[in-house]
Amino acid sequence: MFGLVDANNFYVSCERVFQPRYEKRAVVVLSNNDGNVVSRSAEVKALGIPMGAPYFEVKELLKAHNAAVFSSNYALYGSMSARVMYCLAQRVPALEIYSIDEAFLDLHGLEQHLTPYLGRLDELAQTLRADVKRRTGIPTCVGVAPTKTLAKLANRLAKKLPELDGVLYLDTTERQAWALRQVAVGDVWGIGRQYAAKLTAAGIDSASDLARVSEAWARKHLGGVVGARLVQELQGQPCTGLHPSEDGTLDRQSISCSRTFGRPLTEYSNVLAAVATFLSRAAEKLRAQEDLAHVLTVYISKNRFDPHVLPPYSRSATLTLPSGPTNDTTVLLSYASSLLRRLWETGTSYHKAGVVLDGLEAPGNGQQLTLFSPSPTPAQRENKGEKEIATTSRPALMASLDALNQRFGRGTVRLATTLSAPTNSGSAGSPSRPAWEGKAQWRSPAFTTRLEDLLLVN
DNA sequence: TCTGGGGTCCTAGGACCC
DNA sequence: TCTGGGGTCCTAGGACCC
């Protein structure tokens with residue numbers, strides 16, 4: 001059996017832990033740039049405000065109901081997530097951290113061997129919920145079922161139906177069949193908007209209907225092997241196992257960093273400063289998980305909501321690093337700036353930029369070396385005669401950078417390229433405020449990660 | 001006026017390998 | 001006249017997840 005633990009409106013719950021006066025009030029948390037509603041308290045859901053609603057569209061409604069509005073505070077949510085995962089890891093043989101607020105639990109064997117001591121799996125699930133709530137303040141629900149897809153479905157019902165008291169255990173085929181009938185096809189894990197529309201057009205409305213389509217049909221209409229697996233999993237046949245997260249942290253196969261800008265940017269130097277900042281952050285994460293990357297992608301996007309802008313809204317460029325895998329920000333940046341140059345169209349207004357690091361590998365024995373001396377980076381070629389940029393990594397420099405920023409705060413020491421060029425018109429902000437930076441008007445304190453923000457109790 | 005960010009997995013054509 | 005089969009890697013893009 002698999003368990004799925006999922007926090008209830010996680011970001012809102014994190015805010016409430018440290019500011020209990022919001023316990024009974026309507027609360028929302030907004031995305032970066034205060035753009036969209038990404039977490040809603042039950043009171044807000046009852047108002048009919050959907051997940052992902054643009055804030056400007058629901059602002060008045062929220063105000064009318066005296067809702068509290070927060071900008072997102074990832075320092076807080078990340079740290080609360082780690083606490084929740086730590087609690088869970090202490091009580092189950094293995095878990096897979098699936099997202100910031102969800103984890104799959106490996107419960108195989110427990111039902112045969114341990115239940116005489118621990119009670120049924122649904123009792124164990126209740127114990128987990130109570131433990132997490134007591135130690136972190138975060139409310140959760142738990143689904144238990146023979147496949148991950150059914151565990152997700154069970155979790156959804158556990159959240160929806162108060163009479164289940166936060167736990168649903170789909171131990172028999174009768175209970176599974178019942179659960180499948182309760183869930184709309186669009187709410188099944190792996191069925192997004194496009195597939196949902198296609199399925200309802202074909203007369204497939206519930207998870208139960210979907211569980212009865214043929215494998216061939218699923219393959220043809222639901223993205224090949226992915227669709228075939230999905231249907232089998234609904235039938236109770238596990239197609240995917242648990243990928244345990246070692247020591248409670250997540251090792252990623254790709255690392256990215258991107259932002260929508262606070263305002264549209266047309267100056268190359270401003271966008272370069274943004275890309276350099278995002279790349280620095282991504283490289284920092286890469287070093288934190290002790291990996292090297294050998295594939296780099298840069299992308300820039302136009303405003304897809306502007307009716308005057310035609311698709312494609314986004315262009316990307318990917319490069320397999322000729323000088324081999326690295327985690328050195330300066331090496332990565334010299335390639336990133338040449339990719340950005342390739343994508344750049346003068347006179348275009350850009351809305352967002354991002355970088356992705358792929359092809360991650362651990363340093364050491366397995367590493368691919370170059371046969372000859374590393375080929376020069378684009379920056380070296382362009383700047384021939386100027387100061388050299390190394391193609392070989394300088395681990396000691398990066399380690400010092402990370403140590404300083406860890407101790408004195410993110411961005412204390414950074415590459416000069418991350419600084420936006422001074423603008424003639426731009427007396428608006430202080431020089432330390434980059435052109436691309438967005439809004440975050442209502443951010444709560446970093447209660448768990450900044451000494452100055454520590455809650456004081458009299 | 002105002003519309004997020006960080007991921008996973010899959011597809012598909014072309015270059016290239018033996 | 002006639003021109004293979006089984007792979008990997010690279011790059012770009014799409015669907016989906018939370």
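Labels below follow one simple rule: chain letters A, B, ... track the order of the sequence lines, proteins then strands, and each chain is numbered from 1. The figures that follow rest on heavy atoms only: side chains count, while hydrogens, waters and symmetry mates do not.
Among pairs with a residue in residues 297-321 of chain A, none fulfils ring pair (Phe, Tyr, Trp, His ring centres under 6.0 Å), at least two apart in sequence or across chains. The list of salt bridge (Lys or Arg N to Asp or Glu O under 4.0 Å) pairs with a residue in residues 293-303 of chain A, not counting sequence neighbours, is empty. Residue pairs that meet the ring pair (Phe, Tyr, Trp, His ring centres under 6.0 Å) test with at least one member in residues 255-277 of chain A, sequence neighbours left out, are A/Y268-A/W344. The list of ring pair (Phe, Tyr, Trp, His ring centres under 6.0 Å) pairs with a residue in residues 199-245 of chain A, not counting sequence neighbours, reads A/W217-A/H221.
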Could you go through A/S71 and A/D34, starting from their C-alpha distance and side-chain angles, then the distance that decides it, and tell me whether this counts as side chain to side chain donor-acceptor pair (under 3.5 Å)? CA-CA 6 Å; A/S71 303; A/D34 296 337; 2.7 Å; yes
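The two residues A/P325 and A/L292 have their closest heavy-atom pair at CB-CB, 3.8 Å. A/A53 and A/V58 make their closest contact through CB-CG1, 4.0 Å (heavy atoms, listed as atom of the first residue, atom of the second, distance). Across all their heavy atoms, A/A7 and A/T140 have their closest contact at CA-CG2, 3.9 Å. Closest approach of A/L279 to A/A336, counting heavy atoms only: CD2-CB, 4.0 Å. In terms of heavy atoms, A/S31 sits closest to A/S72 at C-OG, 3.7 Å.
Applying the ring-ring contact (aromatic ring centres under 6.0 Å, His included) criterion to A/Y74, with sequence neighbours excluded, gives A/Y11, A/Y77. Not counting sequence neighbours, the partners of A/W436 by the ring-ring contact (aromatic ring centres under 6.0 Å, His included) test are A/F278.
Nucleic acid contact for A/N32: sugar-phosphate only, since backbone atoms but no base atoms lie under 4.0 Å from a heavy atom of the residue. Residue-level contact check: A/Y195 touches the backbone only, with heavy atoms under 4.0 Å from sugar-phosphate atoms and none from bases. Here A/Y98 lies in heavy-atom contact (under 4.0 Å) with sugar-phosphate atoms only. The residue A/K152 sits close only to the backbone: its heavy atoms come under 4.0 Å of sugar-phosphate atoms, none of a base. A/A53 comes within 4.0 angstrom of no nucleic acid atom, judged by non-hydrogen atoms across all strands. Across all strands shown, A/E57 has no heavy atoms under 4.0 Å from either base or sugar-phosphate atoms. Across all strands shown, A/R281 has no heavy atoms under 4.0 Å from either base or sugar-phosphate atoms. Using a 4.0 Å heavy-atom criterion, one finds that A/R342 contacts the sugar-phosphate atoms exclusively. Among the protein residues, A/I100 comes within range of no part of the nucleic acid, since none of its heavy atoms lies under 4.0 Å from any strand. Within the nucleic acid shown, A/I191 comes within 4.0 Å of sugar-phosphate atoms alone, with no base atom in reach, counting heavy atoms only. The residue A/D6 sits apart from the nucleic acid: no heavy atom pair falls under 4.0 Å.
Nearest-nucleotide positions on DNA chain B place A/Y299 closer to the 5' end than the other of A/Y299 and A/R229. Each of A/S256 and A/G262 was matched to the nucleotide of DNA chain B holding its nearest heavy atom; the match closer to the 5' end belongs to A/G262.
Between the side chains of A/R129 and A/Q126, at least one donor-acceptor pair of N or O atoms lies under 3.5 Å. Residues A/R304 and A/S314 bring no donor and acceptor atom of their side chains to less than 3.5 Å of each other.
The six-membered or imidazole ring of A/W442 lies near that of A/Y55, with a centre-to-centre distance under 6.0 Å.
With a cutoff of under 4.0 Å to any heavy atom of chain A, the contacted region of DNA chain C is bounded 5' to 3' by C/dC10 to C/dC18.
Within residues 230-240 of chain A, no residue has any heavy atom closer than 4.0 Å to DNA chain C. Residues from residues 179-187 of chain A that place a heavy atom under 4.0 Å from any atom of DNA chain B: there are none. Non-hydrogen atoms lying under 4.0 Å from DNA chain B are contributed by A/H351, A/K352, all within residues 350-359 of chain A.
Rounded to a whole angstrom, the distance from the C1' atom of B/dC16 to that of C/dG4 is 16 Å.
Aromatic ring orientation, A/Y22 versus A/F70: perpendicular (interplanar angle above 60°, classes split at 30° and 60°).
With the 3.5 Å cutoff on both pairing distances, Watson-Crick and G-U pairs in DNA chain B assemble into runs of at least 3 at B:5-18 with C:5-18.
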Distance-only donor-acceptor pairs under 3.5 Å for side chains of residues 348-355 of chain A, two or more places apart:
residue : atom : partner : partner atom : Å
A/T348  : OG1  : A/E345  : O            : 3.2
A/Y350  : OH   : A/E345  : N            : 3.1

